[in-house]
Amino acid sequence: MSGATLVAVLLTGCGATEKSNQVEIYGSKEPFTAQAIYFVLTDRFVDGDPSNNHETQGLNNPTWQLRLDGPDGQFANVGYMGGDLQGVLNNADYISDMGFTAVWLSPILDNPDEAFTGDEPITFGGQFKDGGKTGYHGYWATNFYKADEHLISQQLSYADFTRALHDKGLKTVFDIVANHGTPSWTMPVDQPGYGELYDAEGTLVADHMNLAPAALSPQTEPLHAFFHPYPDLVKLSNLNENNPAVQDYLINSYLYWIEQGADAFRIDTIRHVSHEFWRTMAERIRAKHPGFYMFGESFQYDANFIAQHTQPKNGGIAVLDFPLQKAMVNLFESPDSDYGSLSEHLYLTHGPYHNPYELTTFYDNHDMARMNASDEGFIDAHNWLFTARGIPVVYQGSEFAFMRGTAEHQGNRNFIGQSRLYQQRDNPIRQALSTIAQIRKNTPALQRGLQYNLSLVGNQAMFYRVLVEQGVSQIALVMLNKSDTPAQMSASKFVESGTWQEQVTGQSVVVDNGALTSEVPGHSVRVFVRNGAVANPAFTQALLTQMSRQ
């Protein structure tokens, strides 16, 4: 059995911690499943400290606000726009008030101080071209041990930032890269920073020298030894993870940022680096920080492919759930869609993942088009995201459908700003998200409980989340309705007798006839919670059977 072990435990007591002689029932014991993650593309969030904007940086290759204009007044930007750690910290309450408990930041590492002059120029709506762009996004690191000057402030280092967020009850997810550095060749004249890597002391340890990969001499030129002599992604340097010096450089940098307060890692482009490296990295990280949670980006829609990373032999690293993401977008962008289309992507049994409950679940991000749904579609998506299995991740601005439907160079990454956050505090999408996210935050069964589906058909979904573990015995019955009209929804299978409290309305229902019925408004959710032992032996057996086949 994968990701779950049936262990007999002796339970005593009452209420949410009511205990009786039962086996443990859970989806996962991973502590990080309790989190809900708000993803911030730092430079495009809020400018909390204008003194670190460096608006004149780059001289003939400026880095400040490089606008790409499109048709009908549309625009994007490939320059820095002022967002920083202070802007995130200033809005910690805005984030936590919605029910999020962790903030994933785009990489904060030092990036080049000029716009890139090589490659083909990027244009509005363009893809896979880096000419004219800057490293505002953080993924073009020149020093894996140094924070970028646009993001930190004189009085706010990354360590200061993590301490302040922890004081606010928020964990931090640090975004790491292993497969690439900066764009590194095709420049008319070699530019400072590009193709270069510096160590913690500021010493140059690698330099592409503006040479194409095939022209590198890693056997004879020490500054080429960090790179593979063949390309990978666009004009980015291709780091040789098999080189022990590269392994030490990268892994020691990851350990450094944990020491500065990072609570978890998101791993960029994980599939572009060997499983052997990730296992070595994971073992070294967890030797010093046992149980450290990591999830990777393998931008593929084949579950069997991305699931390789979750296996212990490959490092035991969770992944962003791209197959479910695609199914969610198809579902919530279309009013005529069927909840049943999600079933096959959950992999609650017989799946390829080491544990599907430990995946991070999402419907869009900075690398793909934002979801093009109605307001109601976003509300429905959040109601699913915060009740179904997995750790929910929401990209900045999606709490008010910011730039819906736009791709990366069409507005997906446009600047949000403080005034817009103030204006959108009462947005109905944000209000509904806050309701269901707070419910998940306060309901252990929704965080790590086993998901047992009752019905996913048409506009309605109904399932249990069950947790009997570490003194908690709790059943949550979730009813989702994505139609425009109210629906009378009824559960009659394995409904335990006793008091169930509905978490949205606060109302309680006493069940003694084996059925629970509720009217669920259109585009809404009902979550009935019963604290206490699972009394029905048939239900217990059904849950244990599902666990054994996970």
Side-chain angles (χ1 to χ4, degrees), residues 43 54-66 68 77-81 106-123 126-151 175-218 221-241 243 245-246 249-250 253 268-269 272 408-409:
D43 175 72
H54 303 282
E55 298 179 22
T56 61
Q57 189 181 71
L59 300 177
N60 294 331
N61 302 306
T63 62
W64 180 251
Q65 295 198 359
L66 306 176
L68 303 177
N77 206 293
V78 292
Y80 286 91
M81 300 192 72
S106 53
I108 67 156
L109 304 180
D110 195 30
N111 275 228
D113 297 340
E114 298 182 2
F116 185 54
T117 60
D119 203 4
E120 297 178 69
I122 189 65
T123 56
Q127 288 184 300
F128 310 117
K129 299 173 183 177
D130 286 332
K133 294 167 65 174
T134 67
Y136 71 88
H137 42 67
Y139 292 98
W140 293 354
T142 60
N143 190 329
F144 280 67
Y145 294 81
K146 181 181 178 183
D148 193 273
E149 69 277 8
H150 296 87
L151 305 181
D175 201 322
I176 66 171
V177 182
N179 77 301
H180 70 265
T182 65
S184 298
W185 74 98
T186 67
M187 293 168 278
V189 177
D190 197 3
Q191 296 178 262
Y194 287 100
E196 301 170 358
L197 282 175
Y198 295 82
D199 65 13
E201 286 72 43
T203 301
L204 181 69
V205 295
D207 189 351
H208 223 277
M209 300 177 180
N210 201 21
L211 296 172
L216 295 173
S217 304
E221 170 53 67
L223 290 177
H224 293 177
F226 267 40
F227 308 117
H228 285 296
Y230 51 85
D232 183 19
L233 295 171
V234 287
K235 303 302 185 292
L236 299 172
S237 60
N238 187 6
L239 297 180
N240 181 4
E241 78 278 15
N243 181 338
V246 174
Y249 177 87
L250 293 172
S253 76
D268 187 58
T269 53
H272 292 260
E408 176 185 344
H409 294 113

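Computed from a predicted model, the values in this text were never measured in an experiment. When a residue number appears, it is its place in the shown sequence, counting from 1.
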Subject >> Donor-acceptor pair, side chain of Asn240 and main chain of Phe226, under 3.5 angstrom >> reply: no
Subject >> Straight-line distance of Glu196 CD to Leu204 CG, nearest 0.5 Å >> reply: 6.0 Å
Original post:
Donor-acceptor pair, His409 side chain versus Gly126 backbone, under 3.5 Å?
Top reply: yes
Subject >> Contact summary for Trp140 and Pro183, nearest pair of heavy atoms >> reply: CD2-CD, 3.3 Å
Subject >> Spacing of Tyr136 atom OH and Tyr80 atom OH [to the nearest 0.5 Å] >> reply: 10.0 Å
Subject >> Nearest-0.5 Å distance, CD of residue Glu120 to CG of residue Asp130 >> reply: 10.5 Å
**OP:** Verify side-chain contact (heavy atoms from CB on, under 4.5 Å) between Thr63 and His54, making sure each step is shown before the conclusion.
**Re:** CA-CA 8 Å; Thr63 62; His54 303 282; 5.8 Å; no
Subject >> From NE2 (His150) to CD (Gln57), nearest 0.5 Å >> reply: 4.0 Å
Subject >> Between Asn179 and Thr269, a side-chain donor and acceptor under 3.5 Å >> reply: yes
Subject >> Short side-chain to backbone donor-acceptor contact, Gln191 and Thr117, under 3.5 Å >> reply: yes
Subject >> Heavy-atom side-chain contact between Asn238 and His272 under 4.5 Å >> reply: no
**OP:** Could you go through the side-chain contact (heavy atoms from CB on, under 4.5 Å) check for Asn77 and Gln65 one step at a time?
**Re:** CA-CA 6 Å; Asn77 206 293; Gln65 295 198 359; 4.1 Å; yes
Subject >> Atom pair CG (Asp110) and NZ (Lys146), whose distance is rounded to the nearest 0.5 Å >> reply: 4.5 Å
**OP:** Please report the shortest heavy-atom distance between Pro112 and Pro192, naming the atom on each side.
**Re:** CB-O, 4.3 Å
Original post:
Do you know which two heavy atoms are closest between Leu216 and Pro229, and how far apart they sit?
Top reply: CD1-CA, 4.5 Å
Original post:
Are Tyr198 and Tyr145 close enough that their ring centres sit under 6.0 Å apart?
Top reply: no
**OP:** Answer yes or no: is there a donor N or O on one side and an acceptor on the other, between the side chain of Thr186 and the main chain of Asp119, under 3.5 Å?
**Re:** yes
Subject >> Test item: Thr182 side-chain N/O and Gly195 main-chain N/O as donor-acceptor pair under 3.5 Å >> reply: yes
Original post:
Heavy-atom distance under 4.5 Å between the side chains of Asn111 and Thr134, does that happen here?
Top reply: no
Original post:
Can a donor-acceptor pair be found between the side chains of Asp175 and Tyr139 at a distance below 3.5 Å?
Top reply: yes
Subject >> Asn243 side chain vs Ala225 backbone, donor-acceptor pair below 3.5 Å >> reply: yes
**OP:** Return yes if some donor-acceptor pair links the side-chain N/O of Asp113 with the main-chain N/O of Gly58 below 3.5 Å, else return no.
**Re:** no
Subject >> Residues which pass salt bridge (Lys or Arg N to Asp or Glu O under 4.0 Å) with Glu149, listed by chain and number, not counting sequence neighbours >> reply: none
Original post:
Closest approach of Ala115 and Pro62, non-hydrogen atoms and distance?
Top reply: CB-O, 3.4 Å
**OP:** Please answer whether the main-chain N or O of Gly181 pairs with a side-chain N or O of Ser237 as donor and acceptor at a distance below 3.5 Å.
**Re:** yes
Subject >> Partner residues of Trp185 under the side chain to side chain contact (heavy atoms under 4.5 Å, CB included) criterion, sequence neighbours left out >> reply: His208, Asn210, Ala212, Pro213, Pro231, Lys235
**OP:** Would you mind telling me which of Leu211, Val246, Leu239 makes a side-chain contact (heavy atoms from CB on, under 4.5 Å) with Phe227?
**Re:** Leu239
Subject >> Over all atoms of both residues, closest heavy-atom pair of His137 and Pro107 >> reply: O-CD, 3.6 Å
**OP:** Assign the ring pair Tyr194 / Phe116 to parallel, tilted or perpendicular, where the plane angle (0 to 90°) is split at 30° and 60°.
**Re:** tilted
Original post:
Taking all non-hydrogen atoms of both residues, which atom of Ala141 and which atom of Leu109 are closest, and how far apart?
Top reply: CB-CD1, 3.8 Å
Original post:
Excluding sequence neighbours, so at least two apart, what forms salt bridge (Lys or Arg N to Asp or Glu O under 4.0 Å) with Asp43?
Top reply: none
Original post:
Rounded to the nearest 0.5 Å, how far does CD of Glu55 lie from CE of Met81?
Top reply: 11.0 Å
